[in-house]
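Okay, structure first, notes after.
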Amino acid sequence: MQQFAVVATHSISQPEPEAGSATAVVQLVDAEGTALIPPVQVYGNQLPAVVAELEATRRPRWVFDSVHAWYPGLLAAGVRIERAHDVRLVRAILRNAPYAVPGEYLTAIGREADPANAAPAHLLPPARVPENQGELFSEPKDSTGALENVLAEFLAQRAAVPDSERGARLGLLLAAESAGALIAAEMTHAGVPWDVEEHHRLLHEALGERVPAGVRPPRMEELAGQLRALLDAPTLNPDSPAELLKAMNRAGIAVANTRAWELTEIKHPVIEPLLAYKKIARLATANGYAWVDRWVHGGRFRPEYIVGGVVTGRWASHGGGALQIPHQVRSAVRADPGKVLVVADAAQLEPRILAALSRDTALAAAATARDLYQGIADAGFGGDRAHAKVAMLGAMYGATSGESGRLMPKLKATYPKAVGLVEWAAAQGEAGAGVSTFLGRGTPEAPEGWLKSRSRASTEAEQRAVEAEGRSRGRFTRNFIVQGTAAEWALCWMGELRRRMNAGKAAGVDTGELVFFLHDEIMLHVPAAQARTVVDLVHESARSASELLFGKIPVDFPVTAVIVDSYDQAK
DNA sequence: AAATTCAGCTC
DNA sequence: GTACGTGCTGAATTT
């Protein structure tokens with residue numbers, strides 16, 4: 001029998017005997033929501049012990065209003081759980097899921113103004129202040145986060161998943177998203193091993209002696225002096241784009257902005273030192289001494305992951321720019337003594353996802369090559385890999401002009417189903433309609449303002465603006481089906497890996513920890529002796545994830561996994 | 001003080 | 001090689 005353990009801050013209907021002293025309540029229910037044992041009132045800091053006990057004896061799926069709110073505390077107390085259902089994350093998916101069962105629940109959550117936190121209040125039991133609590137207790141607990149509400153919404157969410165093939169996919173997505181929430185909290189808890197000494201060494205090498213905050217480092221000051229001399233602008237602050245642009249224009253350099261990639265086109269003595277300045281200025285401000293002081297503690301970098309933070313289902317992060325760690329500082333990501341990093345990434349994931357989505361057998365055949373782009377090149381681009389890659393990326397991102405646009409007809413002739421699918425997705429978006437990923441994560445509705453202005457545009461300029469917005473929306477929906485399904489594959493990959501690592505631990509093998517995730521790349525921090533075993537688990541999990549999503553299909557999703565001491569050694 | 005712009009980094 | 005998709009962050013600048 002399936003069992004669910006609902007965790008909440010309090011219960012509306014069953015106030016604790018000594019009001020104010022209980023800190024949480026746990027209710028074990030079956031799939032219909034029927035209580036299996038009386039609710040457990042938790043006092044003081046006993047929640048980890050209660051959870052550990054139930055986890056060991058019952059192995060329930062834990063239902064939280066938000067894993068992010070509850071799990072870090074459990075981890076800090078040394079308690080891990082296997083499975084969860086995150087009501088808030090599931091709500092966000094169901095709000096836009098085209099194949100969810102229409103009804104009261106979807107209506108309730110669809111109308112909420114604040115998609116991040118709004119609960120479907122009018123669907124849920126009304127808040128009731130227990131009568132025996134009395135008026136002397138001035139702050140009646142409101143219903144938000146109460147056990148009855150979490151349970152009711154959980155049941156409504158289960159009922160919103162249809163009993164069909166589509167429903168099975170959606171159910172997988174909801175489970176994977178919730179597993180992602182557990183993994184995110186566990187990764188933050190573990191932290192990325194960070195060698196502060198090595199980071200300081202490379203900063204010293206690039207910037208010169210460390211200087212107090214607010215003072216420009218020596219190597220930057222030196223270059224700034226060169227720039228002022230070369231541009232004949234003695235007070236120039238090169239950190240100000242406006243000042244820099246003016247100074248360059250005065251010196252006869254015709255540019256409209258100061259972006260590095262445009263400057264590379266220009267021949268002028270100031271360009272070389274300017275690009276050198278920009279490069280180290282970026283290092284100093286984004287990942288310099290202040291960054292290390294603020295974000296690395298006890299040899300660990302612990303970013304917070306925001307599961308489902310990107311509309312496509314990719315994760316975002318908060319704190320330290322975790323998903324944009326520049327290659328420049330990756331040598332500072334270093335395993336502890338006796339341990340190694342296992343760095344794995346899914347090779348050319350998105351075009352392979354497109355092959356699976358579109359059931360394009362020709363593209364699937366190209367995907368059996370280890371290098372998919374070479375496979376495409378051999379099939380229709382006269383062996384020219386660079387052209388094949390540009391064309392494929394253009395198809396997935398919506399490039400219309402340039403090289404990529406010119407190559408599109410050839411790509412479409414070779415892979416009509418794959419290119420046809422992304423073109424269909426783009427057309428949906430341009431028409432104001434939505435699309436969804438393979439597992440059923442849907443796009444948010446097009447902004448109402450655009451849909452209205454579309455029909456109202458009268459002048460030619462308005463018409464052009466509306467069309468441009470439409471194409472932009474089309475590029476979004478085109479990319480959404482690929483990026484979003486790739487994110488689902490990656491979630492399943494990590495979920496499968498976590499399961500295997502936990503099974504290893506249960507059997508007495510220290511499989512280490514997942515410590516970092518970057519869209520299609522994962523990093524593990526493992527005892528050196530177990531590295532080969534973990535690499536095998538990584539590959540196994542990838543095969544398993546592919547089959548979990550797509551069943552048995554002729555598309556390969558190869559991953560590369562390397563064993564290294566520091567992140568820069570992983571190419 | 002808060003919001004916006006610019007730029008650069010990652011996938 | 002190209003200038004097309006999703007984000008976060010910091011400094012300068014504007015409101």
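Just so you know, these numbers use all the heavy atoms, side chains as well, and skip hydrogens, waters and symmetry mates. Reminder, nothing fancy here: chain letters follow the sequence lines and each chain counts from 1.
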Quick check on [N]: is either OP1 or OP2 less than 4.0 Å from any side-chain nitrogen or oxygen of [X]?
X	N	answer
A/T312	C/dG5	no
A/H327	B/dC11	yes
A/S240	C/dA11	no
A/K278	B/dG8	yes
A/N237	C/dA12	yes
A/H519	C/dG7	no

Atom-to-atom span, [atom1] of [X] to [atom2] of [N] - whole angstrom:
X	N	atom1	atom2	result
A/I325	B/dG8	CD1	C1'	14 Å
A/F480	C/dG7	CZ	P	10 Å
A/M392	C/dT2	CE	P	18 Å
A/K389	C/dG1	NZ	P	11 Å
A/F516	B/dT10	CZ	P	11 Å
A/D384	C/dT2	CG	P	11 Å
A/W291	B/dC9	CH2	P	16 Å
A/L245	B/dT5	CG	C1'	13 Å

Between A/Q428 and A/T477: side-chain donor-acceptor atoms closer than 3.5 Å: no
A/T443-A/N96 side chain donor-acceptor pair, cut-off 3.5 Å: no
Ring centres under 6.0 angstrom apart (A/F301, A/W291): yes
salt_bridge([X], [Y]) N-O dist < 4.0 Å:
X	Y	result
A/R201	A/E205	yes
A/D293	A/R210	yes
A/E350	A/R314	yes

B/dC11 base / A/R314 side chain donor-acceptor hit below 3.5 Å: yes
Base of B/dG8 paired with side chain of A/R282 (donor-acceptor, under 3.5 Å): yes
Closest to the A/P326 side chain, choosing from C/dT6, B/dT10, B/dA7: B/dT10
Upstream residue (5' side of DNA chain C) when A/V390 and A/S472 are each assigned their closest nucleotide: A/V390
Nearest-nucleotide 5' precedence on DNA chain C, A/G398 against A/D239: A/G398
Residue pairs passing the ring-ring contact (aromatic ring centres under 6.0 Å, His included) test where at least one lies in residues 387-429 of chain A, sequence neighbours excluded: none
Pick base, sugar-phosphate or nothing for [X], based on heavy-atom distances below 4.0 Å to the nucleic acid.
X	answer
A/G319	sugar-phosphate
A/A286	nothing
A/R330	sugar-phosphate
A/A260	sugar-phosphate
A/V482	nothing

A/R478 side chain vs A/A395 backbone, donor-acceptor pair below 3.5 Å: yes
Pair pattern of DNA chain B in dot-bracket, where unpaired bases get dots and | marks partners in another strand, Watson-Crick or G-U under 3.5 angstrom: |||||||||.|
